[in-house]
Structure formats: structure tokens, C-alpha cells
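Just so we're clear, the structure is a prediction, and the values are computed from it rather than from any experiment. In this chain, residues are counted from 1 in sequence order.
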Amino acid sequence: MLGLSALADADEVRAAYRNLVKTCHPDKFLDADERKAAQEKMIALNRAYEEALRLASHRRGTNYNAGLCLVDALSMADKMLRQQHPQSAMHHLMRTSERDAAWYAKQGEVYMAMQQYESAHNAFREAIRRNPNNNDYRQGALDAALAMKKEATFSGRLRKMFHKK
């Protein structure tokens, strides 16, 4: 699917993936059917990318699950969030050993998408601790705190009980 040889290294895999994403990203299409087809192609492309990276890392003798750089982990997590796959987004975040303010903020976003508001609040607070002047991180923490408060009400608990995903 990526059009690479079986011996492609991780850099070649990333370059091929980025070029293909530009041609089939769902945001490029206005028609609902074309957008849906593009979404399905993106999912297949993401799977092919993951497998190609895994194979490239095995050839190199590295651990694929821990070997993703911070920028790639954040990028893949963001893509998975846009595709409404927060568990996959968390998986990608956990594939890097680097942790900075942006990483914790992205983790907070993922927890929000998973409706785990207390964990989201804690992640945003860590992002703020690392970068106290970032208002986006502060807004994320506030949103998480408000969601926790709303969830703590009786109607919030009922809503959560009957609307589990």
C-alpha cells in the first residue's frame, strides 16, 4: 500500500506515508461518499504505516513499541483523535519515552475523548507545571475540571450509566 520495498527503513516509510496522506486525506473531499472512502483508505494507510514501521524496526533490531520519537507519537495520536480512536491515540503516546508539556496536554485530550476526566485533569496539570504560561493547557485543565464536576451530579452519573460507548 505504501509502495515501498520490503527493505525500506523507517525514514523511507515515514516519507512515503506523508506523501500518500496528502493525496487521500478525508478533509480534501466535500462529497460525503468520497469523504467516507477517503476515511477508509486513511485507516488502511495508517495500518500499513504501523506494520511497515514495525518491520523496519525489527530489521534494525529496535523495539517498535518504545521507539517512536516524540513528534511522531504526538502526530499519530492527533490523527487517531481526529478519527475518533482515542485508545489508539493513547497507544501511540505511550510508544515514546519522551515526555514534555505538549505530550501531557495531548494525553489530557485523549483522556477527555475517553471521558476519563480526572485523568485528563491530572495530565493537563502536569502540562501546566512544565509550561505554566500556556493558556491552552490551562483551558484544557478547566474543561476537565468542569466535566468532572458535571459528571459528579446525579444527572451526570445517570447520563454516564446509560450512554456508555
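Residues Arg35 and Asp27 form a side-chain contact, since some pair of their non-hydrogen atoms from C-beta on lies under 4.5 Å apart. With a 4.5 Å cut-off on side-chain heavy atoms, Met42 and Arg47 do not count as touching. Side-chain contact between Met90 and Tyr111 is present, with heavy atoms from C-beta onward closer than 4.5 Å. Side-chain contact between Tyr17 and Leu20 is absent, with no heavy atoms from C-beta onward closer than 4.5 Å.
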Problem set entry | Worked verdict on Trp103 versus Glu98 for side-chain contact (heavy atoms from CB on, under 4.5 Å) | CA-CA 8 Å; Trp103 186 92; Glu98 302 172 68; over 6 Å; no
Exercise. Does the pair Glu50 and Met76 meet the rule for a side-chain contact (heavy atoms from CB on, under 4.5 Å), with working shown?
Worked result: CA-CA 10 Å; Glu50 291 290 316; Met76 290 300 293; 3.3 Å; yes
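Within 6.0 Å of atom CZ in Arg130, more than 12 heavy atoms from other residues, nucleotides or ligands are found, so the atom counts as buried in its surroundings. Within a 6.0 Å sphere centred on CZ of Arg99, heavy atoms belonging to other residues, nucleotides or ligands number more than 12. At most 12 heavy atoms of other shown residues, nucleotides or ligands fall within 6.0 angstrom of atom NZ in Lys41. Glu118 CD: 12 or fewer foreign heavy atoms inside a 6.0 Å radius.
In this view, Arg129 and Glu126 satisfy the side-chain contact (heavy atoms from CB on, under 4.5 Å) rule, not counting sequence neighbours. Remark: Ile128 pairs with Tyr137, Arg138, Ala141 by the side-chain contact (heavy atoms from CB on, under 4.5 Å) rule, at least two apart or across chains.
The pair Arg14-Asp11 counts as a salt bridge, with a side-chain nitrogen and a carboxylate oxygen less than 4.0 angstrom apart. Of the charged side-chain nitrogens involved, at least one lies within less than 4.0 Å of a carboxylate oxygen, so that Lys106 and Glu109 count as a salt-bridged pair.
Nearest heavy atoms, Ala113 versus Pro86: CB-CB, 3.9 Å. When all heavy atoms of Ala101 and Asn131 are compared, the pair lying nearest together is CB-CB, 3.8 Å. Nearest approach of Gly108 to Ala120, heavy atoms of both residues: O-CB, 3.4 Å. Nearest approach of Leu70 to Thr96, heavy atoms of both residues: N-OG1, 3.6 Å. Among all heavy-atom pairs drawn from Leu2 and Ala16, the shortest one is O-CB, 3.8 Å. In this structure, Ala77 and His92 approach most closely via the heavy-atom pair N-CB, 4.0 Å.
Within the model, atoms OH of Tyr49 and CG of Leu4 stand 11.5 Å from one another, a figure rounded to the nearest 0.5 Å. Once rounded to the nearest 0.5 Å, the distance linking CD of Glu51 with CG of Asn46 reads 13.5 Å.
A donor-acceptor pair under 3.5 Å is absent between the side-chain atoms of Gln39 and the main chain of Pro26, judged by distance alone.
In the hydrophobic clustering of ILVMFWY residues, with side-chain heavy atoms under 4.5 Å counting as a link, Met114 and Met112 come out apart. Tracing side-chain contacts under 4.5 Å through hydrophobic residues (I, L, V, M, F, W, Y), one reaches Phe124 starting from Tyr117; they form part of the same cluster. The cluster map of Ile, Leu, Val, Met, Phe, Trp and Tyr, joined by side-chain heavy atoms under 4.5 Å apart, puts Met80 and Val110 in different clusters. When the side chains of ILVMFWY residues are joined at heavy-atom separations under 4.5 Å, either directly or via intervening members, Leu146 and Met148 end up in two distinct hydrophobic clusters. In terms of hydrophobic clustering, with Ile, Leu, Val, Met, Phe, Trp and Tyr side chains grouped at heavy-atom distances under 4.5 Å, Leu74 and Leu81 are assigned to a common cluster.
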